[in-house]
Asks: 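Here it is, the structure, as structure tokens.
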Amino acid sequence: MFRVLIVGAGLTGSLCACLLRREMPSNTRIVVWDKARGAGGRMATSRSPNDPTCTADLGAQYITATPYYSQKHQSFYEELLAHSILKFLTAPVEGMVMKEDGSRNFITPRGISSIVKHYLGESAGAEVFFNYHVTHIHLKDEKWEVCRKSGAPEQFHAVVLTMPVPQILQLQGDLDKLIDRTQRQKLEAVSYSSRYALGLFYEAGTEIDGPWAAKYITNNPCIRFISIDNKKRSLESTDAGPAVVIHTSMTFGLEHLEEGKEKVEPLILEELARVLPGLPKPVSTECQKWRYSQVTQAVSESPGQMTIHARPLLVCGGDGFTHSNFDGCTDSALKILDVFKSNL
């Protein structure tokens, strides 16, 4: 049995699991570890603690496909549309700027994490474990011995790392000496923006007025984006309560990055009251710190992946090696698949 470990159950990791399952021999055992409590990574959908039918996307808000990627990744878009995981964005988004003519925007009616869950489901037989925080990787007997914060080490024939690049560099064990000087310089040059997201959850029947489903804010030092999340996803239900999502500006995120969420949340709510006066009081809230929100500088000259060791295979991927959107992660997963085909 050939064992492959994928570290990270975000978009790149879940798509890697799916593609490897489809392309690798049947005796390949795919294992996915993630340090979080559930799948999604920065494609995170949260539920109200009072009502599980009331959900909010605290990470990615919608997917934009340029004409180039609509064609290049056509099969991926068609698959997600056929399963009703993606639908066209029809709700009004105030202040949206289309970077390229012919681009198309999609929303996820069941939440943005439904894309990740779909690919994990398509990796039939893959074993997915949450609350598994990888700490060390050792080269031992031509295999990788991977350690986590709790539990016994396990051995794998190949390892794929899809977490943010700074977290890759924090791993202990043999990884430090296996990364050569040039690779390290490239990895250390990767940078990310940081921001906070705040979800407000309401009781069923609460009315959130407004002519838009989402809105970009350009003149506020704290708030950059507001979404009436159920309206953005075209979900009109009298049974589920609405949810509002606020994304802060990158400047605000960086300024308050090392502060606790309990200190930051009141600041966001105070500013929100100025931007949207009269907004009803939510029954619950959830504040999310995105230390690694979006890549501002990716790994140079390593499009899609970086192979640290060929036999046994240790490869890194994710948006840090491309760009922070659906197509960037898809490109990375395809490049990682190519590495497997070339080395195994």
Side-chain angles (χ1 to χ4, degrees), residues 3-24 28 30-44 59-60 73 76 112-113 115-123 126-137 144 146 148 154 156-171 173 175 178-179 183 186-187 190 192 290-295 298-299 302-309 312-340 343:
R3 302 186 78 219
V4 177
L5 173 65
I6 299 170
V7 182
L11 178 55
T12 305
S14 64
L15 187 49
C16 276
C18 173
L19 295 175
L20 290 175
R21 178 75 285 149
R22 292 175 179 176
E23 299 287 341
M24 294 290 286
T28 304
I30 299 170
V31 181
V32 181
W33 289 2
D34 196 287
K35 68 177 183 177
R37 294 176 295 173
R42 281 164 285 168
M43 283 193 152
H73 295 154
F76 295 93
I112 199 73
S113 66
I115 298 176
V116 172
K117 292 174 181 177
H118 169 76
Y119 287 131
L120 289 176
E122 287 293 305
S123 61
E127 300 178 55
V128 184
F129 299 92
F130 300 110
N131 296 309
Y132 274 43
H133 189 165
V134 174
T135 58
H136 295 69
I137 298 178
W144 297 110
V146 185
R148 52 193 175 90
E154 295 188 34
F156 300 90
H157 298 89
V159 173
V160 180
L161 303 175
T162 69
M163 63 271 250
V165 170
Q167 294 179 354
I168 294 175
L169 290 171
Q170 290 168 10
L171 293 175
L175 189 62
L178 291 172
I179 299 174
Q183 289 175 326
K186 291 180 179 181
L187 293 172
V190 175
Y192 294 78
W290 295 115
R291 182 178 293 273
Y292 307 112
S293 175
Q294 290 180 303
V295 174
V299 171
S302 294
Q305 60 83 29
M306 178 183 285
T307 301
I308 304 299
H309 199 274
L313 182 60
L314 175 60
V315 59
C316 306
D319 63 346
F321 300 83
T322 50
H323 42 92
S324 293
N325 57 24
F326 175 83
D327 292 297
C329 293
T330 301
D331 271 344
S332 179
L334 289 168
K335 293 292 186 182
I336 292 169
L337 177 63
D338 288 341
V339 173
F340 270 82
N343 288 276

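Scope of the values below: all heavy atoms of this structure, side chains included, with no hydrogens, waters or symmetry mates.
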Asks: Taking C-beta and beyond as the side chain, do F130 and R37 meet within less than 4.5 Å on heavy atoms?
Replies: no

Asks: Distance check, rounded to the nearest 0.5 Å: F326 atom CZ versus I112 atom CD1?
Replies: 9.5 Å

Asks: First locate atom CG of L161, then atom CG of L171, and finally report the distance between them rounded to the nearest 0.5 Å.
Replies: 6.0 Å

Asks: Can you name the closest pair of heavy atoms from A298 and V190 and give their distance?
Replies: C-CG2, 4.0 Å

Asks: For K335, does the NZ atom sit with more than 12 other heavy atoms under 6.0 Å from it, leaving out its own atoms?
Replies: no

Asks: Which value, rounded to the nearest 0.5 Å, describes the distance between Q183 atom CD and L178 atom CG?
Replies: 9.5 Å

Asks: Hey, could you give me the CG/CE distance between D34 and M163, rounded to the nearest 0.5 Å?
Replies: 9.5 Å

Asks: Give the C-alpha distance, both sets of side-chain angles, the deciding distance and a yes or no for side-chain contact (heavy atoms from CB on, under 4.5 Å) between L20 and V4.
Replies: CA-CA 9 Å; L20 290 175; V4 177; 4.2 Å; yes

Asks: Kindly compute the distance separating OG1 (T135) from NZ (K35), expressed to the nearest 0.5 Å.
Replies: 12.0 Å

Asks: Side chains of L334 and H73: does their closest heavy-atom pair fall under 4.5 Å?
Replies: yes

Asks: Determine whether V7 and Q167 make a side-chain contact, defined as any pair of heavy atoms from C-beta on separated by less than 4.5 Å.
Replies: no

Asks: Within the side chain of S123, is there an N or O that forms a donor-acceptor pair under 3.5 Å with the backbone of C18?
Replies: no

Asks: Restricting to non-hydrogen atoms, name the atom on I30 and the atom on R21 that form the minimum distance, rounded to 0.1 Å.
Replies: CD1-N, 3.4 Å

Asks: Ignoring hydrogens and geometry, is there a side-chain-to-backbone donor-acceptor pair from E127 to F129 under 3.5 Å?
Replies: no

Asks: Is a side-chain N or O of S324 found less than 3.5 angstrom from the main chain of V295, in a donor-acceptor match?
Replies: yes

Asks: Can you name the closest pair of heavy atoms from I168 and L175 and give their distance?
Replies: O-CD2, 3.5 Å

Asks: Do Q294 side-chain atoms and N325 backbone N/O form a donor-acceptor pair below 3.5 Å?
Replies: no

Asks: Could you check if a side-chain atom of V146 sits within less than 4.5 angstrom of a side-chain atom of W33, using non-hydrogen atoms only?
Replies: yes

Asks: So which heavy atom on S113 is nearest to which on A39, and how close?
Replies: CB-O, 4.2 Å

Asks: Would you mind reporting whether T322 and T12 have side-chain heavy atoms less than 4.5 Å apart?
Replies: no

Asks: What is the minimum heavy-atom distance between V32 and A17, and which atoms define it?
Replies: CG2-CB, 4.1 Å

Asks: So do D319 and R42 actually touch side chain to side chain, heavy atoms under 4.5 Å?
Replies: yes

Asks: Between F321 and C316, which heavy-atom pair has the shortest distance, and what is it?
Replies: CZ-CB, 3.5 Å

Asks: To the closest 0.5 Å, what do you measure between CG (D338) and CZ (F340)?
Replies: 11.5 Å

Asks: Would you check if the side chain of Y192 reaches a backbone N or O of V165 as a donor-acceptor pair within less than 3.5 Å?
Replies: yes

